[in-house]
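Some notes on the structure that comes next.
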Amino acid sequence: MFEFCDVALPVPLDIVFTYAVPDGMQPVVGGRVLVPFRQQRMSGVVTELHERKPEVRTKNLIRVLDPEPVLDQPLLRLGKWIADYYLAPVGEVFRTMLPLGAEFKRAISYRITEEGQLALHLAGMSGSSARSQKTPEDQLAEFRALDYLAERDTTREESLRSATRVSKALLGGMVRKKWIAREDLSEAQNAARTVKVALLKNVDGKLNANQRTLTDTLAAAGGKLPVDTLQSLELPRTSLATLVKRGMVEISEEAAEFTMSQLKARPNLFDFQFNSAQQAALKSIREQVGATKFAGMLLHGITGSGKTAIYLAAMRSVLEAGRSAILLVPEIGLTPAVAADLHQLFGEEVAILHSALSDKERAEQWHRIKRGDARIVVGTRSAVFAPVSDLALVIVDEEQDPSYKQEEMPRYHARDVAVMRAKMADAVVVLGSATPSLESYFNAKKHKYTLLELPDRVEKRPLPEVEIIDMRQEFQETGSEQVISRKLAEEIKERLEKKEQVMVLLNRRGYSPVVLCRACGKTLECKNCAIAMTHHKRSRRMECHYCGYTAPVPKACIHCGSEYVYFLGTGSEKLEELLHGMFPQARIGRLDRDTVRGREDFERALNALDEGELDLLVGTQMIAKGHDIHGVTLVGVVGADMALGFPDFRAAERTFQLLTQVAGRAGRGQTPGKVVLQTYFPGHYAVQYAAQHDFTGFYEKELRFRSWMHYPPYSALANVLVRSNKMDEALRWSGILGKWFEQTRHEGIRVLGPAAAPIVRLKQDYRHHFVVKSASREKLNALLRAMLAFAAQQKIPRTQLIVDVDAVWLM
Ligand SMILES: [Zn+2]
Ligand SMILES: [Zn+2]
């Protein structure tokens, strides 16, 4: 028996914590335990059992939550690698890897102490007394809470807060003053989802019409139905209650079944007609999988070349061999239709993980995978941690997609974690894309990955012709700023007359992106961010696209009161309106985050297009993502090159990828497609190469630029961001770190900064940053680790210092 165990807790500290193991408890490495931590209970993962007595006094474990590991050795190793590589606290990494939050119930209570009683008594005697630093509202809230607690025993935090509207911060302060005592009784709970079902018993006696409807409905369904279904009949609730009271209906709880998808799958999914390039790619993936050692492969297939069919066939052979596979897809890619297809293909052997699942559903899927019931896992970013055993194949579809990068702690990149996971499991990783990231393409060129190419579209459909429209010239010739060029308008008209379909991309949602005052020249900025607010006409409000803050539409300038406020620029909402005006007969739909709330909306809009219920679809980058809609013969690009003006070294790469993807939407059916690409940067190589469908040309040019500038893939890069809601604090901290970087100059490391971040204020935080680059990742990480240690000494809170290794977003 071991006396001590080290536990990784989900707190922003780069250490593990040692606890004593009481007699009779048997924690396991990789299993969860419940522990006391700073007046709280937390669940953490055991990383080691040992006999080394720590110098400080240890607390006891409260409970062992898992008799068996929830993270097996390979996943523990992977988690430690992530913590090390991304400089993230290992406890935060493990929490991200385990979607089991639903199995832990927070239960915090408070009770009043003698000191609290006294304070309340004194306050009663002297009116609203003492404590002058606090605002009167805060004081009142404190005494409301004391009053409330004085009349009760221990009270749950939720009840206390909803009854007295006291903030968490105030409660913390009251605990420190010893007015109240905090008790944490958080516990593991059974997270199984249940449904209430109604069972029909003996019906006798007189029933009214509503009661009769209920018993008839139940009888027709074989005597048993979910209560929800009965309630959807919209009868008075008392009808069912009366039947229960009279013993004619019984209500019980049953385990809920998981519905993968409500939709019908498309027929003939496995009737793949593979062309020779597809056959060759599939053969080579199968061979590598058979070799049971690590191999990385980059499947570079142009848009419409049939990559998905290869993934599915490869996964099927893995399943037939009795092994496991994981397929990662971008955030928006996992629509209900895709889920239905997968369910049809793999039956109960597939588990689907995505962000629309509830915590309980996620936990349920996780357990199905862990038990080995599902050996094919399809999911977004965090599915890379699925607890499959005997992993043979990991596929990352659209590997360049930014949704694979987690932009919160731990800031990992799921594609890179997928590669490492495959490496640790002697499995094969396949990265698929029409527009691979520079990093992956570079690795393939260096023979770290095998390059598999699909150079042709299925059935030899030609790639669309791309015509570039120089919008500066359009301005000169028409004498005014145009949203839709004469050429694009003419082409749209022609297609609509021929009953063909059109897509128009404008990668900016809302109506107008800028509100400008002509009197004082100022714009309307978000109160939390240094970002102009966007006008949304239909919802009649201003919205910040970075933090979600909304405000009423201004009638006058908020700075000077002038009424000369102008709404400038065009977003997708305004584009839709413009097109309605130009083509009043056309049926027009729009696809952006304002019209799409969930995956169902997304799919509905695409289905409407596919079934010919729409003539024209307007949208943001959402419309560019891999859908196969055969009727679209024209794609207009109205705004996709805005990013080229951003101070971000990946701007050209992103623009190239977006243009290539949206161009790929044209001509996927029998009629050849055309793309009209409007741009203010007609000479830019990202635009030129995208127009020529010349991937290699773009990569070679871009790689030269990266090499000159010492950017990835030629060096490892980290963005170090210092943030605070106080302007002087952010500045002071970045100054302290700036000096430290200067004094600890290291061979082979470049530090740029401190500088104000391109978005200097975001979500109320002022932001300064450093960009740190080195050809040696070891050197880079060693320096960053030393910097974190120094920052801790200087009392810069870890939460205010973001280290983003392999950052994809430098704004
Ligand atoms: Zn003004
Ligand atoms: Zn904002």
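Ligands are counted one by one from 1 in listed order, and the atoms in each one are counted from 1 as well. No hydrogens, no waters, no symmetry mates; every other heavy atom, side chains included, goes into these values.
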So the angle subtended at the Zn ion (ligand 2) by Cys544 atom SG and Cys529 atom SG, rounded to 10 degrees, is 110°
Does the Asp765 side chain pair with the main chain of Asn725, one donor and one acceptor, at a distance under 3.5 Å?
-> yes
Thinking salt bridges, do Arg538 and Asp594 make one under a 4.0 Å N-O criterion?
no
ang(SG Cys560, the Zn ion (ligand 1), SG Cys517) rounded to 10° is 110°
With respect to the Zn ion (ligand 1), please indicate if Cys557 possesses an N, O or S atom at a distance under 2.8 Å.
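Checking Cys557: at least one N, O or S atom is under 2.8 Å.
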inquiry  = Using a distance threshold of 2.8 Å, state whether an N, O or S atom of Cys526 lies below it from the Zn ion (ligand 2).
reply    = yes
Exactly one of Asp641, Leu658, Asp592 clears side chain to side chain contact (heavy atoms under 4.5 Å, CB included) with Asn507, and that residue is Leu658
Are a donor atom and an acceptor atom from the side chains of Glu729 and Tyr766 found within less than 3.5 Å of each other?
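Not at all, the side chains of Glu729 and Tyr766 share no donor-acceptor pair under 3.5 Å.
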